[in-house]
Amino acid sequence: MCRPAGAARTCCTWRRPGPHAPACASSCSMRVPLLPVLLLVLARPAAAGICWSGMERGGRCSSVVALRVGRAECCAGAARSPAAWSPRDLDSGEIFFYKALSGGVPCTACAESCAGVSCGSGRRCVVRGGRARCVCAAACRRVGSVCGTDGKTYPSLCRLRRRACRRPAKHLSMDYPGPCQEGSCDLVRCGGEKRCVLDAELGAHCVRCGSCNVAGAPVCAVDGKTYAGACALRNAACERGKALPLAYRGSCIANATCASITCGAGQRCVAGGASGARCVSCGSCGGGARRQLCGTDSRTYSSWCRLQRAACHAGRVVDPLHPGPCKGNKNITDNSVARERERHGGDIDTRVL
């Protein structure tokens with residue numbers, strides 16, 4: 001028997017019957033709560049469950065890795081990539097309702113402890129939210145400075161590893177023990193078969209000299225010698241212990257001038273040096289590590305890129321002379337530099353270049 005709407009929400013809406021109408025209208029609307037119906041749908045048994053990328057707050061999961069998999073299959077790689085599993089095999093619509101109504105599907109972590117979890121160098125295992133996670137090591141003890149492959153000095157190897165852990169795309173590692181050196185390899189101790197080489201900015205690095213199995217297209221270096229490809233040029237720089245920049249592509253030309261060589265896009269030919277002429281980049285200088293250099297023109301530059309740009313605008317070779325500011329460096333805002341800037345349309349920066 002129907003009852004008034006105020007008596008029970010599950011009954012059809014109460015209406016005053018007409019003379020020929022039944023006590024309850026046949027088109028009445030049923031007000032049935034959604035959650036009990038949803039729970040009945042989700043309660044059906046399943047042979048397998050769902051593998052999740054991990055557990056969130058409240059022991060629930062929302063990011064699906066695989067459907068219709070057992071716990072053993074889901075958690076087989078838990079030591080490498082901790083995951084979570086739930087026993088119910090739900091379709092996408094049911095998963096959506098769980099996310100909307102409950103903040104995710106109830107799940108259990110594959111690795112609820114750090115036992116057997118290997119995180120690698122510079123990382124340690126912690127349990128957070130019922131899931132084992134690999135995080136960067138928190139504590140470091142000062143045990144001596146080291147130089148990183150990014151040319152920066154770190155107070156300890158632990159500090160360097162923490163930095164590498166937080167920025168894995170940079171591929172940072174220890175270059176050599178002790179602070180980073182500039183201008184000389186005298187204090188650098190390279191391990192194994194590595195040798196110390198000064199880069200274009202006169203920073204010291206430990207590199208391994210290789211061998212070239214196949215000769216490449218000939219290139220002319222700034223020392224005026226022809227090398228059988230870029231690999232041979234790199235090996236020559238390694239043996240020499242100092243960077244050997246490319247002057248231009250092709251074999252070296254005797255008494256080369258800017259009229260006899262061809263430069264690539266974004267480059268300009270400048271005269272001077274052992275090669276007679278060379279191609280330098282005229283592009284803009286972005287951010288990143290910078291090291292002050294004194295150029296062979298007795299001017300101080302804020303980076304090697306700035307030095308190259310100055311050579312590009314001046315039209316003559318400028319090489320690094322030594323790290324740091326020039327001794328007795330003249331003010332680069334003097335009249336000669338001002339005249340040079342006017343000659344090149346204002347492109348010369350009158351601050352420390």
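When reading the values below, keep in mind they use all heavy atoms of this one structure, side chains included, and skip hydrogens, waters and symmetry mates.
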Are Ile50 and Val69 connected, step by step, through hydrophobic side chains (Ile, Leu, Val, Met, Phe, Trp, Tyr) whose heavy atoms are closer than 4.5 Å?
no
Is there a side-chain contact between Cys269 and Arg278 (heavy atoms, below 4.5 Å)?
no
Under a 4.5 Å cut-off applied to non-hydrogen side-chain atoms, are Ser251 and Pro218 in contact?
yes
Between SG on residue Cys209 and CD on residue Glu193, distance to nearest 0.5 Å
10.0 Å
Between Arg163 and Leu172, is the side-chain contact (heavy atoms from CB on, under 4.5 Å) condition met? List the steps.
CA-CA 8 Å; Arg163 182 78 169 186; Leu172 174 63; 3.7 Å; yes
Residue pair Gly70 / Trp85: nearest heavy atoms and the distance that separates them:
C-NE1, 3.4 Å
Answer yes when Glu239 and Arg195 have at least one side-chain N-carboxylate O distance shorter than 4.0 Å, and no when they do not.
yes
Compare all side-chain heavy atoms of Thr300 with those of Gln292 and state whether any distance is below 4.5 angstrom.
yes
Give the cluster check for Leu67 versus Trp52: same hydrophobic cluster or not, with ILVMFWY residues linked at side-chain heavy-atom distances below 4.5 Å.
yes
Taking the two cysteines Cys279 and Cys263, decide whether their SG atoms are closer than 2.5 angstrom.
yes
For the residue pair Tyr227 and Asn235, establish whether any side-chain heavy-atom pair is separated by less than 4.5 Å.
no
What pairs with Ser184 under side-chain hydrogen bond (donor to acceptor under 3.5 Å, both in side chains), at least two apart in sequence or on another chain?
Asp186
Where do Asp199 and Arg291 land on the side-chain contact (heavy atoms from CB on, under 4.5 Å) test, with the steps shown first?
CA-CA 12 Å; Asp199 62 19; Arg291 181 181 293 119; 4.1 Å; yes
Would Leu244 and Leu246 show up in the same hydrophobic cluster when neighbours are defined by side-chain heavy atoms closer than 4.5 Å?
yes
Are the side chains of Val280 and Gln308 in touch, meaning some heavy atoms are under 4.5 Å apart?
yes
Worked verdict on Trp304 versus Leu293 for side-chain contact (heavy atoms from CB on, under 4.5 Å)
CA-CA 7 Å; Trp304 183 78; Leu293 296 169; 3.9 Å; yes
Evaluate the pair Cys206, Cys196 and indicate whether the two SG atoms are within a distance below 2.5 Å.
no
Tell me if a side-chain donor or acceptor on Arg268 pairs with a main-chain N or O of Cys312 at a distance below 3.5 Å.
yes
Can you confirm whether Lys152 sits close enough to Tyr154 that some side-chain heavy atom of one is under 4.5 Å from a side-chain heavy atom of the other?
yes
Yes or no on side-chain contact (heavy atoms from CB on, under 4.5 Å) for Leu90 and Val105, after CA distance, side-chain angles and deciding distance?
CA-CA 10 Å; Leu90 312 175; Val105 177; 4.0 Å; yes
Same cluster for Val197 and Leu202 if Ile/Leu/Val/Met/Phe/Trp/Tyr side chains link at under 4.5 Å?
no
Going by heavy atoms in the side chains, are Pro106 and Tyr98 under 4.5 Å from each other?
yes
Grab the two heavy atoms, one from Val188 and one from Ala204, that are nearest each other, plus how far apart they are.
CG2-CB, 3.8 Å
Using side-chain heavy atoms (C-beta onward) and a distance below 4.5 Å, is Thr296 in contact with Leu307?
no
